[in-house]
Chemist: 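I have a structure here, written as structure tokens, and I will follow up with some questions on it.
Numbers for residues simply follow the sequence, beginning at 1.
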Amino acid sequence: IVFNTWKPMWVVLLEDGIEFYKKKSDNNPKGMIPLKGSTLTSPCQDFGKRMFVLKITTTKQQDHFFQAAYLEERDAWVRDIKKAIKCIEGGQKFARKSTRRSIRLPETIDLGALYLSMKDPEKGIKELNLEKDKKVFNHCFTGSGVIDWLVSNKLVRNRQEGLMISASLLSEGYLQPASDLSKNAADGIAENPFLDNPDAFYYFPDSGFFCEENSSDDDIILKEEFRGIIIKQGCLLKQGHRRKNWKVRKFILREDPAYLHYYDPAGGEDPLGAIHLRGCVVTSVESNPDGKKSDEENLFEIITADEVHYYMQAATAKERTEWIKAIQVASRTGK
């Protein structure tokens, strides 16, 4: 479902503003939002429960709203936009991709290859569950641990050089700040946004990181559902269990653990329901057994390990096939 007032755009953050394009390949932007004197609001609740919205208010009191696809994407944009605004206020130049140049990092450093080495299950950086200020940070590691690893593997000559490379990994998105201390450093305009500090926590963007605070057992179980990496999302028709009526729902598919959460497409950060996919069976269906829907094309069925049946309808045969394949892959992975 696409709402008239919400359209997908290709968005580019510059040092003094935000340009947005109808599509990535366009040469000329549809518009530009100046950041000087602007304020950023996130999370933004101006649209009820629409998910992952941020608002930029310019000096002329014009409001611009953007909706990210998921929480981590919104938070990454918020960090960079805040940093750009701070740089403008401080008379400094912001360029998210300029870390390599500004700290004179050798051009021979392959950050992508280094990132893969850091994630190696045997020889890489060990992901830990760390506690700080009554919060538990899952699947993360310390800033000093990153520098220790770089030094011990002889990838850098000293801790200062390790700090430079770590800052570049952070700037390029290979590392993400987890704790308040590391987030504040990344958001600031200090010379180095990465901290060689045992109290500064970081995580890999696709690690399943999550933070829990004074949680009950039920809360922990619920948060486990959202640890998995998002592998597919989109809108489908779903048949209700009780009334057997059909409604459009936004679905988000995660793996390890494998869950399919569904939401009100008009917004809402909390899911209306969750389907645990581990051990499920998913197949295409030629006709709805209840026979209450005339347009019965592109139906498919999920039968969970507990033998709960869910009926969905895709817009096209291709889309149905894509969903079935993605769910089959997820059902074989994780918990």
Chemist: Return the minimal non-hydrogen interatomic distance between L253 and A330, and the atom names on each side.
Modeler: CD1-CB, 4.0 Å

Chemist: Out of curiosity, does I88 fall in the hydrophobic cluster containing L14 (side-chain heavy atoms, cut-off under 4.5 Å, transitive links)?
Modeler: no

Chemist: Applying a strict under-4.5 Å side-chain criterion to I, L, V, M, F, W and Y, I'd like to know whether M312 and I231 cluster together.
Modeler: yes

Chemist: Between A274 and Y259, which heavy-atom pair has the shortest distance, and what is it?
Modeler: CB-CD2, 4.2 Å

Chemist: State yes or no: do V281 and L260 share one hydrophobic cluster built from I, L, V, M, F, W and Y residues joined by side-chain heavy-atom distances below 4.5 Å, directly or via other members?
Modeler: no

Chemist: Can you check side-chain contact (heavy atoms from CB on, under 4.5 Å) on F66 and W77, steps first, answer last?
Modeler: CA-CA 10 Å; F66 294 92; W77 274 100; over 6 Å; no

Chemist: Give me the ring orientation class for Y263 and H261: parallel if the planes are under 30° apart, tilted from 30 to 60°, perpendicular past 60°.
Modeler: tilted

Chemist: For K123, does the NZ atom sit with more than 12 other heavy atoms under 6.0 Å from it, leaving out its own atoms?
Modeler: no

Chemist: Report the distance from atom CG of N158 to atom CG of L150, rounding to the nearest 0.5 Å.
Modeler: 11.0 Å

Chemist: Heavy-atom count around K82 NZ within 6.0 Å, excluding the residue itself: above 12?
Modeler: no

Chemist: Which heavy atom of I252 sits nearest a heavy atom of R254, and at what distance?
Modeler: CG2-NH1, 3.6 Å

Chemist: With a 3.5 Å distance limit and no angle check, can you tell me whether T321 reaches the backbone of A317 through a side-chain donor-acceptor pair?
Modeler: yes

Chemist: Would S117 and W149 count as a side-chain contact (heavy atoms from CB on, under 4.5 Å) if you check the C-alpha gap in whole Å, the side-chain angles of each, and the deciding distance to 0.1 Å?
Modeler: CA-CA 11 Å; S117 299; W149 184 86; 4.0 Å; yes

Chemist: Which is it for L272 and K247 under the side-chain contact (heavy atoms from CB on, under 4.5 Å) test, yes or no, and what are the steps along the way?
Modeler: CA-CA 12 Å; L272 299 174; K247 289 187 177 178; over 6 Å; no

Chemist: Which pair of non-hydrogen atoms, one from S166 and one from I147, has the smallest distance, and what is that distance?
Modeler: OG-CD1, 3.4 Å

Chemist: Kindly compute the distance separating CG (L40) from CG (D80), expressed to the nearest 0.5 Å.
Modeler: 11.0 Å

Chemist: Distance from L237 atom CG to R249 atom CZ, nearest 0.5 Å?
Modeler: 10.0 Å

Chemist: Please report the C-alpha distance between I229 and D256 in whole Å, then the side-chain angles of each, then the deciding distance to 0.1 Å, and finally whether the side-chain contact (heavy atoms from CB on, under 4.5 Å) criterion is met.
Modeler: CA-CA 7 Å; I229 304 162; D256 194 17; over 6 Å; no

Chemist: Return each pair, listed once, that meets ring-ring contact (aromatic ring centres under 6.0 Å, His included) where at least one residue sits in residues 16-42; pairs must be two or more places apart or across chains.
Modeler: none

Chemist: If you look at every heavy atom in F209 and C140, which pair is closest and at what distance?
Modeler: CD1-CB, 4.2 Å

Chemist: Using 0.5 Å steps for rounding, measure from the CD1 atom of I230 to the CD atom of E255.
Modeler: 11.5 Å

Chemist: Is the number of heavy atoms from other residues, nucleotides or ligands under 6.0 Å of K119 NZ greater than 12?
Modeler: yes

Chemist: Compare all side-chain heavy atoms of S144 with those of D196 and state whether any distance is below 4.5 angstrom.
Modeler: yes

Chemist: Just so I know, are the side chains of N138 and Y203 near enough to count as touching, which here means a heavy-atom distance under 4.5 Å?
Modeler: no

Chemist: Side chains of L54 and C44: closer than 4.5 Å at any heavy-atom pair?
Modeler: no

Chemist: If you look at every heavy atom in S38 and T58, which pair is closest and at what distance?
Modeler: OG-CA, 3.5 Å

Chemist: Quick one: which residue pairs count as a ring-ring contact (aromatic ring centres under 6.0 Å, His included) with a foot in residues 150-183, not counting sequence neighbours?
Modeler: Y115-Y174

Chemist: I need the D199 CG to L181 CG distance, nearest 0.5 Å.
Modeler: 6.5 Å

Chemist: What distance do E322 atom CD and K232 atom NZ have between them, rounded to the nearest 0.5 Å?
Modeler: 4.5 Å

Chemist: Set out, in order, the CA-CA distance, both residues' side-chain angles and the distance that settles ring-ring contact (aromatic ring centres under 6.0 Å, His included) for F204 and F141, then state yes or no.
Modeler: CA-CA 9 Å; F204 298 123; F141 37 83; 4.7 Å; yes

Chemist: Treating Ile, Leu, Val, Met, Phe, Trp and Tyr as nodes and any side-chain heavy-atom pair under 4.5 angstrom as an edge, say whether L35 and W10 lie in one connected cluster.
Modeler: no

Chemist: Side chains of T142 and F201, heavy atoms from C-beta outward: is any pair under 4.5 Å?
Modeler: yes

Chemist: Evaluate the side-chain proximity of P43 to R74: yes if any heavy-atom separation is below 4.5 Å, no if none is.
Modeler: yes

Chemist: Quick check on the hydrophobic clustering: are L114 and V156 connected, directly or via other members, by side-chain heavy-atom contacts under 4.5 Å?
Modeler: yes

Chemist: Looking at R320 and A315, would you say the former's side chain and the latter's main chain have a donor-acceptor pair under 3.5 Å?
Modeler: no

Chemist: Using the ring of Y262 (Phe, Tyr or Trp, six-membered ring only), decide whether K238 places NZ or CZ under 6.0 Å from its centre and within 45 degrees of its axis.
Modeler: yes

Chemist: Donor-acceptor pair, distance only, cut-off 3.5 Å: does the side chain of K126 make one with the backbone of E122?
Modeler: yes

Chemist: Less than 4.5 Å apart, side chain to side chain, heavy atoms only: is that true for V146 and M118?
Modeler: yes

Chemist: With a 4.5 Å cut-off on side-chain heavy atoms, are I275 and I327 touching?
Modeler: no

Chemist: A side-chain contact here means heavy atoms from C-beta on lying under 4.5 Å apart; do S331 and V282 qualify?
Modeler: no

Chemist: Under 4.0 Å between a Lys/Arg side-chain N and an Asp/Glu carboxylate O for D26 and K23?
Modeler: yes

